[in-house]
Amino acid sequence: MQLATWNVNSLKMRLQHVLDWLAANPVDFLCLQETKLTDDKFPQEAIEAAGYGVIFTGQPTYNGVALLYRREGGYTPEGVHLDNPLFEDAQRRVVSARFGTPAGPVRVIGAYCPNGQAVDSDKYVYKLAWFAAMQQWIRQLQQEEPGTAIMLAGDFNIAPADADVHDPEKWADGILVSKPERAALQGLLDLGMHDAFRLFEQEPKFFSWWDYRMLGFRRNAGLRIDLILVTDDLKPQVTRCWIDKGPRKLEKPSDHTPVVVEWGAGA
DNA sequence: ATGGCGAGCAGGGCTCGA
């Protein structure tokens, strides 16, 4: 099985990229972030026509997330959440469901984690509170749904380590890399979660986001901030994790590109 | 040193992202 995450920076602008990518990469699950669409404008029909069911929650202009599941896989979402139930929030950043799979039950959480804007800003305070609440929720899920693995996939807006930053000196202690942000990510890892990408040997300087400005992609001026975390019970089943730079090379690309994880026997 | 691009909303020039 495969699960992917992709911040599309407007699903209205990127719908064709998503459909084309799914046709070439028929993953079982796809988490989308920054759909930037209200629910009445969500392209549910086009996604269903592509063979996927979808759960989504949006708002005008900002945020918005979706969770696609492949119909051929026979998946049925259970225990759906359009929010972290422990964190009251008007911003639409979380979508989650539990699925039975041949490799056992999995709860998928698709997340558009806050950006934080600048260290010590109001948005930064919100970001850290948001991560603390996510940690609490996952701890609760581990108690309430024992035997169900958890995959937390999305735009984390945190580069886990300097190896995930094109120019660590320039970014040092700034937003997306600051110590409190990395501690917030570590709080999730301390629950027994693992950054799937780092379970495998990877090429250095392999990023998931590149600045639109200053030829960021051509210069590989990027960050790895799109992550898939998997719980201990899933870790032995994970067979691959990679970043697909292909969509970043298209006309009018998202500034982020998909990250994919593969797990389960006969994946 | 700064801003550089892109999207949304709205019909100009902001905000926001990372």
Side-chain angles (χ1 to χ4, degrees), chain A residues 5-18 31-43 56-66 89-94 110-131 153-185 195 197 205-228 243 245 247-259:
Chain A
T5 178
W6 191 3
N7 179 327
V8 291
N9 184 21
S10 168
L11 185 56
K12 182 183 168 191
M13 294 301 296
R14 236 64 68 188
L15 178 60
Q16 197 57 51
H17 286 191
V18 171
C31 300
L32 299 177
Q33 299 90 41
E34 286 207 84
T35 56
K36 297 187 177 179
L37 289 171
T38 50
D39 291 348
D40 57 306
K41 298 207 173 97
F42 192 90
F56 53 91
T57 180
Q59 67 185 87
T61 312
Y62 302 117
N63 309 314
V65 286
D89 192 359
Q91 302 186 30
R92 314 319 298 153
R93 295 182 176 276
V94 174
Y112 176 46
C113 309
N115 171 281
Q117 199 165 59
V119 172
D120 293 333
S121 66
D122 289 350
K123 292 191 174 77
Y124 184 81
V125 173
Y126 163 79
K127 179 177 192 173
L128 295 179
W130 188 97
F131 271 98
D155 176 355
F156 279 63
N157 270 313
I158 299 173
D162 284 352
D164 303 306
V165 180
H166 67 98
D167 186 347
E169 286 184 20
K170 180 179 163 189
W171 285 77
D173 296 318
I175 195 68
L176 313 187
V177 307
S178 71
K179 289 184 181 70
E181 290 170 271
R182 285 178 169 169
L185 175 60
D195 178 354
F197 189 75
K205 302 272 179 196
F206 218 104
F207 305 126
S208 67
W209 167 89
W210 299 263
D211 205 311
Y212 281 125
R213 298 165 293 185
M214 296 282 288
L215 303 172
F217 185 59
R218 196 186 299 182
R219 295 189 301 121
N220 198 32
L223 302 170
R224 191 176 68 90
I225 52 178
D226 300 274
L227 311 178
I228 300 170
I243 295 169
K245 289 186 190 180
R248 191 63 174 78
K249 301 171 184 171
L250 300 171
E251 285 291 313
K252 287 200 153 277
S254 170
D255 44 355
H256 297 252
T257 203
V259 183

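Residue numbers begin at 1 in each chain, while the letters A, B, ... track the order of the sequences. Side chains are part of it too, since the values below use all heavy atoms of this structure and drop only hydrogens, waters and symmetry mates.
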Visitor: B:dG6, OP1 or OP2 - any side-chain N/O from A:Arg14 closer than 4.0 Å?
Guide: no
Visitor: Begin with the C-alpha distance, continue with both residues' side-chain angles, and end with the deciding distance and a verdict on side chain to side chain contact (heavy atoms under 4.5 Å, CB included) for A:His166 and A:Trp171.
Guide: CA-CA 9 Å; A:His166 67 98; A:Trp171 285 77; 3.0 Å; yes
Visitor: Can you check the distance between B:dA18 and B:dG4, where both ends of the measurement are the C1' atom (answer in whole Å)?
Guide: 14 Å
Visitor: Between B:dT15 and B:dA10, how far apart are the P atoms? Round to whole Å, please.
Guide: 15 Å
Visitor: Nearest whole angstrom, please: distance from the C1' of B:dG3 to the NZ of A:Lys170.
Guide: 11 Å
Visitor: Looking only at the side chains, is there a donor atom on one of A:Glu34 and A:Asn9 sitting less than 3.5 Å from an acceptor on the other?
Guide: no
Visitor: Rounded at 0.5 Å granularity, tell me how far CD1 in A:Ile225 sits from SG in A:Cys113.
Guide: 10.0 Å
Visitor: Along nucleotides 8-18 of chain B, 5' to 3', which nucleotides get a B, which get an S, and which get a -, given that the test is a protein heavy-atom distance under 4.0 Å?
Guide: SS-----BSSB
Visitor: If I pick the C1' atom on B:dA1 and the same atom on B:dG13, what distance separates them, to the nearest angstrom?
Guide: 24 Å
Visitor: Please check if atom NZ in A:Lys12 has more than 12 non-hydrogen atoms from other residues, nucleotides or ligands closer than 6.0 Å.
Guide: no
Visitor: Between B:dG12 and B:dA7, how many Å separate the two C1' atoms, rounded to a whole number?
Guide: 15 Å
Visitor: My understanding is that only residues two or more places apart in sequence, or in another chain, count here; which of them pass ring pair (Phe, Tyr, Trp, His ring centres under 6.0 Å) with A:Tyr124?
Guide: none
Visitor: Output every pair passing salt bridge (charged side-chain N to carboxylate O under 4.0 Å, His left out) with a member in residues 206-215 of chain A, not counting sequence neighbours, ordered by first then second residue.
Guide: A:Asp211-A:Arg213
